[in-house]
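Single-structure report; data block below.
Predicted model only: the values in this text are computed from it and were never measured.
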Amino acid sequence: MRCAVKRCLFILLLCAWLAPAQAHKPSDSYLSLAVHGQQVEGQWDIALRDLDFAIGLDGNGDGALTWDEIRARHAAIAAYALQRLQLASDQGVCPLQAIEQLVDSHTDGAYNVLRFQATCPGGAAPASVTIGYTLFADLDPQHKGLLKIDSGGATQTAIFDPDSPRQTISLAAPDRLAQFGAYVKHGIWHIWIGYDHILFLLSLLLPAVLLPGLREQQHGLKAAFLDVLKVVTAFTLAHSITLSLASLSLVSLPSRWVESAIAASVILAALNNLLPLFRGKRPVAAFAFGLIHGFGFASVLRDLGLPQGSLLASLLGFNVGVEIGQLAIVAAFLPLAWLLRKTWLYRQVLTVGSLAIALVACVWLVERVADIKLIPA
């Protein structure tokens with residue numbers, strides 16, 4: 001009875017910790033700039049949930065935002081956002097002016113779309129622009145601003161956060177190596193904030209150090225490493241295929257279906273640690289479900305945009321970044337799991353932790369299928 005009570009308490013605590021943290025990915029906004037001579041046209045997609053937290057959009061406090069409520073706050077939204085974005089050319093400040101606001105959907109919810117324009121001083125097109133970005137800097141230290149800037153047929157990207165709020169970007173032909181590096185950085189960041197991808201991978205890796213026969217083998221850690229390598233390689237190959245196909249617009253699936261299928265894959269991967277669903281065939285399962293996860297990665301890459309001048313290099317850079325982020329997780333997981341494999345704690349993590357992951361993923365699945373929010377942001 002005491003063991004059962006402990007287990008129940010452990011489940012409740014783990015679920016309470018996991019659910020709010022994993023319900024949504026960390027805050028991002030998507031900023032697109034198009035430079036035409038002295039004129040700059042901009043579009044800024046900002047999550048409505050973030051704006052609601054910052055300035056309040058829910059007029060009647062019922063927890064649901066309507067178009068009328070959002071429209072009533074358009075002036076406040078534009079003022080709040082544009083005060084936290086500065087644009088300057090090499091000739092001076094480029095004043096920003098809001099044009100219109102719309103609502104659009106991203107994979108993690110509804111976004112306010114703020115369109116604006118600016119005219120930079122001087123008689124010629126700027127050679128570079130300096131961008132200052134402080135949106136939500138005082139509210140969310142994890143917030144990232146993802147920039148895409150088009151000029152003269154070339155596309156460049158950058159990531160803004162509280163540690164790098166100001167960047168100068170040359171509008172000359174971009175350095176291909178620097179552009180590749182920028183997409184690597186995007187890939188690393190997005191695997192680390194893709195909690196459903198991370199929980200899926202960890203669910204498959206948890207049994208690796210407990211496989212039958214490892215204790216008897218002289219090189220047990222090596223055997224566990226090889227098992228992990230098979231799982232990770234299968235997942236990598238699969239999501240690389242669909243990431244490429246989707247990013248190149250060769251295959252397209254509705255994002256709601258993809259996100260729902262990803263949640264279902266997390267459930268099955270976690271339950272496999274409790275029931276023999278595909279025991280002994282985890283690499284096969286990793287490949288099959290990895291095909292689905294690749295479409296999820298592609299949705300992020302579509303938000304960022306792929307520069308046509310270096311499309312394949314940027315796609316490769318993003319994929320490399322995803323793999324680096326994934327390998328960093330594995331590198332942190334495997335030694336620790338091996339050291340703890342014989343302890344009571346690890347057995348609880350495997351069983352109770354897998355159950356908690358499955359429960360959280362069930363919430364995700366219901367949210368995504370029914371398009372509702374069961375867990376507040």
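Contact check on Asp196 versus Arg368 returns a salt bridge, with a Lys/Arg side-chain nitrogen under 4.0 Å from an Asp/Glu carboxylate oxygen.
For the pair Leu146/Phe160, no side-chain contact is recorded, criterion being any heavy-atom separation below 4.5 Å from C-beta on.
The two residues Pro207 and Leu350 have their closest heavy-atom pair at N-CD1, 4.1 Å.
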Below 3.5 Å, can you tabulate the donor-acceptor pairs from side chains in residues 315-325 to any protein atom, sequence neighbours excluded?
from   : atom 1 : to     : atom 2 : distance (Å)
Asn319 : ND2    : Ser240 : OG     : 3.0
Glu323 : OE1    : Thr236 : OG1    : 2.9
Glu323 : OE1    : Gln326 : NE2    : 3.3
Glu323 : OE2    : His239 : NE2    : 3.1

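Under the salt bridge (Lys or Arg N to Asp or Glu O under 4.0 Å) criterion, Glu41 pairs with no residue, sequence neighbours left out. Take Asp58 and apply the side-chain contact (heavy atoms from CB on, under 4.5 Å) test, not counting sequence neighbours, and it matches Asp52, Asn60, Asp62, Leu65, Glu69. Residues that satisfy the salt bridge (Lys or Arg N to Asp or Glu O under 4.0 Å) test with Arg71, not counting sequence neighbours, are Asp68.
In this structure, Arg84 is positioned above the aromatic face of Tyr80, its NZ or CZ under 6.0 Å from the six-membered ring centre and within 45° of the axis.
A donor-acceptor contact closer than 3.5 angstrom is absent between the side chains of Thr119 and Gln38.
Each disulfide (SG to SG under 2.5 Å) pair with one or both residues in residues 239-275, not counting sequence neighbours, would appear here, but there are none.
The six-membered or imidazole ring of Phe200 lies away from that of His197, with a centre-to-centre distance of 6.0 Å or more.
If you chain together ILVMFWY residues whose side-chain heavy atoms come under 4.5 Å of each other, Val113 ends up grouped with Leu102.
Follow the hydrophobic side-chain contacts under 4.5 Å out from Leu114 and you reach Trp67 in the same cluster.
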